[in-house]
Amino acid sequence: MNILVSCMASEETNRTFFTDRVKEELENCGTVRYGVFSPQELKENLRGVDVLFAGWGIPKLDEAMLEHADRLKLVCYTGGSVAGFMTEALVQRGVRVLCGNKLFANSVAEGTIGYILLAQRRLVKLVNETAANGWAPMYYSDGIRFKTIGLIGFGMVVKYLAKMLQAFECRVKICSDFYRPEDEAEYHAQKCDMDELFSTCDIVSLHESLRDETYHMIDRHYFSMMKQDALFVNTARGPIIVEDDLAEAARAGKIRAVLDVYEKEPLPMDSSLRGCENIILIPHRAGPTIDIREYVTLALIHDLERWLAGEPELENEISLEYARHMTLSPGALHASDKKA
């Protein structure tokens, strides 16, 4: 069994995924070879490889890239979304794809809870004033318990987040075509449309994937519908919202926001989002946390072991149909921008 690990260019980052423990377990599965490859070098090095481990930056595995992949049967991706590299050509060759989507999504859901609590309790203001003045005065604060919380999307993050929110006795609403009546028993959430979600929820959290149809999907129409002092959270992708419209609503004192992602990253210093007390800006840290990376790779290795044992079900496998609804990478541009 020949296993190729296409390492990321940053050795420091690579070590967080391929710890000594991970390497030991992987080497029990077959002959392992590590390397940092350009797309052309990766193409050449796929010859004779049964299993490919790769992370962020993997090129699209189309027919041209797979030209020499004469034995490839399994791709184990240590990232979350496979939308940038998974292709019909890969599936037609019978190659199965695994990824860290589940563990990453759980970590993002955990981060979203943290962001909501940060904003509801006004912790940024309290911490800054305590550091500057020795002690902060008492301010009005909110919690999560009993709040009506709207979740946009129904991917893996929302599935974990909806269950986490059950502990806070929230009323949860979900806006997604993929949320079905039979899901209500498990997730304890009501399905609604965008207008109802924005107009009735105390907190709105965005978890849609970035696709052509979601680009700039949320604009002043929706921000103007939100309840006074409601909270908007974005841990999905920046280009899904119109940032200037959000900034306008926040500066008017209508809403508050926690943003983890932006249309341009790093966020430009002249962005309209900066300098507004009602907006908390976080530099794309919602998740996954670094400590979870080792567990992601270990989970993929355990699926590799199941595959070697002939087990049909692999816990972290992603179908092409599911991949089509996953978000693009942070650097991906809107389709119209690509054509410009």
*asked:* Looking at Glu277 and Arg251, is there a salt bridge between them, counting it only when a charged N and a carboxylate O are closer than 4.0 Å?
replied: no
*asked:* Is a donor from one side chain sitting under 3.5 angstrom from an acceptor on the other, for Ser272 and Asp244?
replied: yes
_Beyond-backbone contact of Met1 with Leu308, side-chain heavy atoms, under 4.5 angstrom_ = yes
*Start with the C-alpha gap between Val49 and Asn45, add the side-chain angles, then the distance that decides, and say whether side chain to side chain contact (heavy atoms under 4.5 Å, CB included) holds.*
CA-CA 8 Å; Val49 169; Asn45 278 274; 5.9 Å; no
*Has Lys254 got its NZ or CZ under 6.0 Å from the middle of the six-membered ring of Phe223, at an angle within 45 degrees of the ring axis?*
no
*Is the closest basic N to carboxylate O distance between Asp50 and Lys73 below 4.0 Å?*
no
_Can a side-chain donor-acceptor contact be found between Glu129 and Tyr139 if the only test is distance below 3.5 angstrom?_
yes
*Above 12 or not: heavy atoms from other molecules or residues under 6.0 Å from CD of Glu24?*
no
*With the side chain counted from C-beta on, respond yes when Phe18 and Arg293 share a heavy-atom pair under 4.5 Å apart, and no when they do not.*
no
*In terms of side-chain geometry, is the basic nitrogen of Glu186 or Lys163 positioned less than 4.0 Å from the acidic oxygen of its partner?*
yes
*Please tell me if the side chains of Glu263 and Arg237 come closer than 4.5 Å, counting only heavy atoms from C-beta onward.*
no
*Any donor-acceptor pair under 3.5 Å linking the side chain of Lys173 with the backbone of Gly150?*
no
*Sort out for me which residue in Ile58, Val5, Thr297, Thr16 forms a side chain to side chain contact (heavy atoms under 4.5 Å, CB included) with Thr78.*
Thr297
*Is the charged tip of Lys23 near the ring of Tyr34: under 6.0 Å from the six-membered ring centre and within 45° of its axis?*
yes
*asked:* Closer than 3.5 angstrom, by distance alone: can the side chain of Ser107 be matched with the main-chain N or O of Phe104 as a donor-acceptor pair?
replied: no
*Do side-chain atoms of Thr235 reach the backbone of Ala286 as a donor and acceptor pair under 3.5 angstrom?*
no
*Okay, side chain of Asn133, backbone of Trp135: is any donor-acceptor separation there less than 3.5 Å?*
no
_Side-chain donor/acceptor of Asn2 to backbone N/O of Gly48, under 3.5 Å_ = yes
*Using a side-chain heavy atom cutoff under 4.5 Å and only I, L, V, M, F, W and Y, what cluster partners does Phe146 have?*
none
_Derivation and outcome, side chain to side chain contact (heavy atoms under 4.5 Å, CB included), residues Val22 and Ile301_ = CA-CA 8 Å; Val22 167; Ile301 292 172; 3.7 Å; yes
*Flag the pair Arg256 and Asp229 as a salt bridge only when some basic side-chain nitrogen lies within less than 4.0 angstrom of an acidic carboxylate oxygen.*
yes
*Look only at the side chain of Asn14 and the backbone of Cys7, and say whether a donor-acceptor pair between them is shorter than 3.5 Å.*
no
*Single hit among Tyr77, Tyr295, Trp56 for ring pair (Phe, Tyr, Trp, His ring centres under 6.0 Å) with Phe17*: Trp56
*Would a distance-only check, ignoring hydrogens and angles, find a side-chain to backbone donor-acceptor pair under 3.5 Å from Asp245 to Arg220?*
yes
*Report yes or no: does Ser224 contribute a side-chain atom to a donor-acceptor pair with the main-chain N or O of His221 at less than 3.5 Å?*
yes
*Please confirm whether the backbone N or O of Leu304 pairs with a side-chain atom of Arg306, one donor and one acceptor, at under 3.5 Å?*
no
*asked:* Can you tell me how the ring of Phe232 sits relative to the ring of Phe198, calling it parallel under 30°, perpendicular over 60° and tilted otherwise?
replied: parallel
*With a 4.0 Å cut-off, would you call Arg122 and Asp142 a salt bridge?*
yes
*Does a side-chain heavy-atom distance below 4.5 Å link Glu315 with Leu98?*
no
*Using the six-membered ring wherever Trp is involved, compare the ring planes of His325 and Phe178 and label them parallel, tilted or perpendicular (cut-offs 30° and 60°).*
perpendicular
*Taking the six-membered ring of Phe168, is NZ or CZ of Lys147 closer than 6.0 Å to its centre and within 45° of its axis?*
no
*Quick one: do the Thr19 and Glu294 side chains pair a donor with an acceptor below 3.5 Å?*
yes
*Taking Tyr115 for the side chain and Leu259 for the main chain, is one N or O donor matched with an acceptor at less than 3.5 Å?*
no
_Note, Met156 side chain near Tyr160 side chain (heavy atom, < 4.5 Å)_ = yes
